[in-house]
Amino acid sequence: MIDYTSIEEKWQKAWSDAKLFEAEPNEKKAIMITAALPYVNSPQHIGHLRTYSTADFHARYMRMKGYNVLFPMAFHATGTPIISFAKRLRNNDPDILEDFRAFKISEDDIKKMTDPTYIVSYFSNEIKEGMKKAGFSIDWRRQFTTTDPIFSKMVEWQFFKLKDKGLLSQGSHPVGWCPNENNAVGQHDTRHDVQPEIDTMTVIKFREPESNIVFGCATYRPETIYGVTNLFVNEKSTYVVAKVGNERYYIAKDSAAILKYQMSIEIESELKGSDLVGKKAVNPVTNETVVVLPGFFVKPDIGTGVVMSVPSHAPFDYAALERLKASGYQLPAMDYRKIIEIEPLGTGVSIGRSLSDVNVGDAKVEHPEIPALAYLEILHTNPDAIDDMLEFATKLLYREESHWGIMVYGKYKGLKEPEAREQVKKDMMASGDAIELYVLSNEEPVYCRCGARVVVKFVENQWFINYGDAAWKEQARGVFSAIDIVPALMRPAFEKTIDWINLRATERAEGLGTKFPFNPNHIIESLSDSVIYMSFYTISHVLNANNVKPEQLKPEFFDYLFNDMGDADSVAKATGLDAAAVKRCKESIDYWYVNTSRHSGPDLIANHLTMYIFAHVALMAKRFLPKQIVVNGFVLYEGEKMSKSLGNIVPLIDGIKRFGADPLRFVEVAGSSLGTDTDFSPKGVESVKAGIEYIYNAIEDLYKLQSGELMHIDYWLYSKLHSKIKRATKLLDSFELKEAYTDIFYNSIIELKWYLERGGNNKIVVQEFLEGIALMLAPVMPHVAEELWHMLNKESFAATERWPVEDDSLISQGTEKLESMIISTIEDARKAIALTSKIDSNKGKKPIEARIILAAEWKLDAFNELALKKSMQAVIEESRFKNNKEAVAKFLQQFAKNAQSLIELPKISSADMLKSFSEAVPYLSGKLGVKVTIESETASKSQRASRAMPDKPSIDILYG
RNA sequence: GCAGGGAUGGCGGAGUCUGGUCAAACGCGCAAGGCUUAGGACCUUGUGCCUUAGGGCUGCGAGAGUUCAAAUCUCUCUCCCUGCACCA
C-alpha cells in the first residue's frame, strides 16, 4: 500500500524549501495562470478542486515546457453572504448552525464568527490549507483578500475610470422586493432559494362606456385581442376603483397591493367582483362592446385580477363559458372567432403534432374551427377537465401557435403569431390602449426569508455599469474574437452573453467591500469589484514587502501601471511611494500580464468572465487584454449533483486524506473532457490507485529484467512511448486532458503489461518507458510523479524537468501494425480452430498445428496502390505488376467495389513481418495450445496460402 | 419564453469539429471457464441479430435531405440539463 499522505508531505516540503513556485521575471517567456479566487464563507469541497487542479495542471505543464510560470491565489470576501452569515449566527439560525457544525467547526470558532472578519480569516486559512495539501504550485507571497484596504484603492480607481469614460449610468430598474424588510431580494434571500423571475405582461385597456373606467386586462398574448368575446373577473374577490396615472381602473384589491410598488395607485373605492359582472366594456382595437362575466379560474393576486376572454384560443376561457352555459347562465351571442391558423404539415396534420403518437392515439378533432376545444379533444378531454388538464392544453396550444401559427384575422393577417404579438402590443402602447406590467412569473408565489411575499419594485437612481454601451460592446466583441476560449465549444455562450449583457446594478446597501465612490453609504457590488483583481497579483507582493499604505495608492499609480501614463519618478512623487518599488511593480506587470490564462467554471461565463473581458477593454492598455480563458465543467458525486440536501459533499481536506491528493486530482482533471461535467466516485479513485501501484511495482521489478539485442516487441514499446509523447503533447496543448491522460496513464499500463506478457525483457527499454510516463504524469499527479522519478534514480525535481520530446525515428506505424496483426492472429486462429473442429473430416481428431502464412510482398504494394489510385485498372497497368497481372487482378478484385474507401496500410517488409511473427511463435503457441509455424506465402504449399492478406495472415489449421 | 449544451448498447460514457479504418474505445454489469477450502480479488473468453473459416444484416431521440458513403453535414420536431442578473 502506498502512503499518499507521507509522499505528499515530503514533496510539498521539498518544493517549498526549494522555493520552486516563487516566480519572478527572468529571461524566459512568461505565462501567468489565474483561477477564480475562492469565496471565503465555507470550506471547500472536492468539487472546488477541479478548476484549481486544472489550472495547476496548466501551470505545471507550461513550466515543464520551459515557460516561467506564475500561479497566484487570493480570497474573495466582498458582498452580502458573509455579513448575512454573521447575522444569522448572531440570531442562532438553526440551519446555519447545523451547516457549520457539519463542517466540524468548533463551537468556539462559531461563536467568534458572529464577527464577519473572523469568518473571512477562518475560511481563508482553511482554504489555503486545503490548497497546500492538494499540492498546487502557487506563489503564496502574492496572496491578498478583496476586502484589504490596499486592494480597495484599485477598485476605487476602476470606478472613477469607468465614470470618466461614461460607462456608469443611473436609472430605475425592476427588482424582486420584500415589502416587509424594504430590501431587494435575490435568490439567497428567499425561502427555498428560489430566484424571483421577473416577466412582463401587457395590460390592455377595455373602457367602460360613460364612466370611462378601465378594465385593465393583463395578458401574455395581446394578439388575441381580435378574438375577445367578453371579460372575466372573479366574482368572489374584492375589487377596487383606483387611480393609476391619470386614468381610473377596476382591478382586484390583492393585485393593487402588489402593483403599487411599480406604479402609482390610489384606491378610491371598493366593490365586489360580482358588482362588476354584467358591466360593459369596449375592445380598444375592434371597438366591439363586450360584457364582464364571472370566471372561475381568475386569481385576484395575479396580474390585475381582470382578464379578457378568448374562447377560440384559450382553453380556460372556453371552459369557463361552457360551465356558465351549463349552469344556466344566460350568455349574449358570441363570435368564437378563429384568429390564428396552424400551418398544416404535408400530411394534413396541423394540431397536436408536437406530441408523440402515443399521446394522441386515435383522438379525433371534431371542432377544428375552435382551436381551444380542438386541443382538448386531441388530449381526449373536454371543458369539464380539471385545471391541470386545461393548463396542459393551454401550454400545448400556446407552444404550437407560437411555432406554426399564422394570423388569419385582423390588421396583421398573414403574419406569424409571435411577430403579430409584438406588433399589436406596440400599436396599443403607442395609442395609449395598453401599458406594460412587471410580474413575478414563478409558478408559485415567492416568499422572503422573513415570510413576506416578494413583489416587483422599481428602484430609483440606482447606479449601473452600462455594458449595453454600443461602442464598448463593439470593442469587447473585437477583443473577444482574439481570445483563445478553451474548449472552443464554449465560445457561443460568451458571444451571446456579450450581446445580451446590459445594465448591471453595481451598488448595494449592505455587505463587505469597497465603498461606492459616488454614494459612500453603499458598497460596490461584489462581482463588479473582482473583474481586474488578477492584475493585482503582479504587484501585491511588492506592495506588501514595502509596507505601502492604502492612501499612497493614488490614481496616478494605477494610471501608470495599467495605462503607461507618466513614469516611475512622477508617480513616486505624486504618491509618496518609493520609486524603486513603483518601478518593480511596473516591470512585474509588464512581464507577467501580457500572457495570461484564466481558469474558471461554466457558471461564470454569463457574468464574471464576460465582465472580466469588458473591464479589461475599458481599463487596460492593449497588451494587457485577456489572451486565454479556460472553462471546466462541474463535478458530480456518483452521478448526482453535490448538495447539502443529498449529504454527499466531501470537504476538500477530508477528501485528500481519504483518497490521496493525486488520485483525487487525476480523477477530476483527467476523468472527463474539460468542458463536460465529471463524475467522481470512490471507485474511480481505486482504479487510479491500482494503476499507480502497478507502476510502482514495475519500477521495483526493473532489476529482474535483462539487456540484450532489441527485438520486435522492444521496438514496439519504443514506438508506443514516442507516439504517445507526440500525441499527448498535442492533446495537452489543446487541453484535451482526458484523451491525453487515458493514453499516458491507463494505456501505458496496458502496454507495459502486454510487453511483459509477450516476453519483453529489456531493462533499458522499460526504464526509458517509465521515465517518460513519470514525467508526463507530473502535471496532474505531481507528488506521485516526483516519487516515481526518484525511484528511477533521478536527483532533479520532476516538477522542473523538461517535458519529454518524442524521437520520430522510434515511432513506427509498421511496428505497431505488426503487433496488432499478431494480436488479431490469435483471435482469428482461435475462431479457425473452433470452426474447423466441427468439420466432419476433423471429427475425432485434434488440431496439432497452426500454420500462419504471411502475404507475399507484392500484395501490400498492390493494395496500397489501389488505395491511392482508386482504380484497379491503373494498378494492373503499372510495370512492376506486369509479370504478375493475373494474380494481382484476382487479389485486387475483392477490394474493387470498395476502392473508394480503402485506406493505405503502413509499409512493412516481408522480412520484418517474418522476423516479428517468428519472434512471437513461443507466445502464439502458448496462447493457442498448438504448434505454430510461420511461413511466407511464396514458400507455402498450403491450399490456403493465397488467402493471406497484407494485414492479415492466412491461417491453416492442421489436424492429426 | 430567451440563450447555451445535450440525446449513442443493460448502464456510465467515447466517437460528432476534420463523413469512410465504427457493432461502436474504456469502464461497469451480466454469462461461462480458470484459480481458490469457500467467498472476494485476480486471469481468460463471451455479451445486437444471423452465420459449420476470419462473413453478412440491422443500429446511434423522431422525421426528411445532401452524398458513392451519415452517429458524424443540412433542415424540421420532441424530450432532457444549465443560465437568465443585482446574486456569489
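The shown structure was predicted, so the numbers you read here are calculated from the model rather than taken from an experiment. Quick note on labels: first sequence line is chain A, next is B, and so on, each numbered from 1.
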Does [X] reach a base, just sugar-phosphate, or nothing at all? Heavy atoms under 4.0 Å.
| X | result |
| --- | --- |
| A:N502 | base |
| A:L503 | base |
| A:P953 | base |
| A:L604 | nothing |
| A:S954 | base |

Taking the same atom, [atom1], in [N] and in [M], what whole-Å distance lies between them?
| N | M | atom1 | result |
| --- | --- | --- | --- |
| B:A62 | B:C28 | P | 29 Å |
| B:G9 | B:A23 | C1' | 9 Å |
| B:C73 | B:G12 | P | 22 Å |
| B:C30 | B:A41 | P | 10 Å |
| B:G15 | B:A7 | P | 10 Å |
| B:A85 | B:U21 | P | 47 Å |
| B:A25 | B:A31 | C1' | 22 Å |
| B:C84 | B:A69 | C1' | 43 Å |

Short N-O contact, A:R504 and A:E525, less than 4.0 angstrom: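 Salt bridge: yes.
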Lys/Arg N to Asp/Glu carboxylate O, A:R477 vs A:E495, below 4.0 Å: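 Judged by the 4.0 Å cut-off on N to carboxylate O distance, A:R477 and A:E495 do not form a salt bridge.
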Any A:S526 side-chain nitrogen or oxygen under 4.0 Å from OP1 or OP2 of B:A88: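 Yes, such a contact exists.
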Distance below 4.0 Å between A:T497 side-chain N/O and B:G4 OP1 or OP2: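 Result: no.
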Residue closer to the 5' end of RNA chain B, A:A493 versus A:N41 (nearest nucleotide):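 Looking at the nearest nucleotide for each, A:A493 comes out on the 5' side.
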Residue closer to the 5' end of RNA chain B, A:Y467 versus A:D603 (nearest nucleotide):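 The 5'-side residue here is A:Y467.
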When you check the side-chain N and O atoms of [X] and [Y], is any donor under 3.5 Å from an acceptor?
| X | Y | answer |
| --- | --- | --- |
| A:N466 | A:S169 | no |
| A:D529 | A:T78 | yes |
| A:Y959 | A:E849 | no |

Results of side chain to side chain donor-acceptor pair (under 3.5 Å) for A:R944 - residues two or more places apart only: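 With neighbours one apart ignored, the set is empty.
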A:E736: side chain to side chain donor-acceptor pair (under 3.5 Å) partners, not counting sequence neighbours: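 Once residues adjacent in sequence are excluded, the partners of A:E736 under the side chain to side chain donor-acceptor pair (under 3.5 Å) criterion are A:S734.
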d([atom1], [X]; [atom2], [N]) in whole Å:
| X | N | atom1 | atom2 | result |
| --- | --- | --- | --- | --- |
| A:I83 | B:A88 | CD1 | P | 11 Å |
| A:F666 | B:G27 | CZ | C1' | 14 Å |
| A:E736 | B:U16 | CD | C1' | 13 Å |
| A:R504 | B:A88 | CZ | P | 8 Å |
| A:L609 | B:A85 | CG | C1' | 15 Å |
| A:Q44 | B:A88 | CD | C1' | 14 Å |
| A:E686 | B:A41 | CD | C1' | 13 Å |
| A:N607 | B:G83 | CG | C1' | 9 Å |

Verdict with supporting geometry, A:R421 and A:T224, side chain to side chain donor-acceptor pair (under 3.5 Å): CA-CA 8 Å; A:R421 188 181 306 155; A:T224 58; over 6 Å; no
Nearest-nucleotide pick for [X], side chain only, options being [options]:
| X | options | value |
| --- | --- | --- |
| A:P492 | B:G5, B:G54, B:A85 | B:G5 |
| A:R944 | B:A85, B:A53, B:A3 | B:A53 |
| A:L489 | B:G4, B:A85, B:G6 | B:G6 |
| A:E525 | B:A88, B:A85, B:A3 | B:A88 |
| A:L527 | B:A88, B:G54, B:A85 | B:A88 |
| A:K952 | B:G54, B:A85, B:G13 | B:G54 |
| A:H76 | B:A53, B:A3, B:A88 | B:A88 |
| A:Y39 | B:C84, B:A14, B:A88 | B:A88 |
| A:A606 | B:A53, B:G83, B:G4 | B:G83 |

Secondary-structure string, 5' to 3', Watson-Crick or G-U under 3.5 Å, | for another-strand partners, for RNA chain B: ((((((((.[[[..)....(.....]]]((((((.......))))))(((....)))...[[[[[..)....]]]]])))))))....
Near-ring test A:Y438/A:F458, centroid separation under 6.0 angstrom: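 Between A:Y438 and A:F458, which both carry aromatic rings, the centre distance is below 6.0 Å.
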Aromatic ring proximity A:F480/A:F494, centre distance under 6.0 Å: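 Yes - the distance between ring centres of A:F480 and A:F494 falls below the 6.0 Å cut-off.
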Donor-acceptor pair (no angle test) under 3.5 Å: A:R947 side chain, B:A53 base: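 Result: no qualifying N/O pair found.
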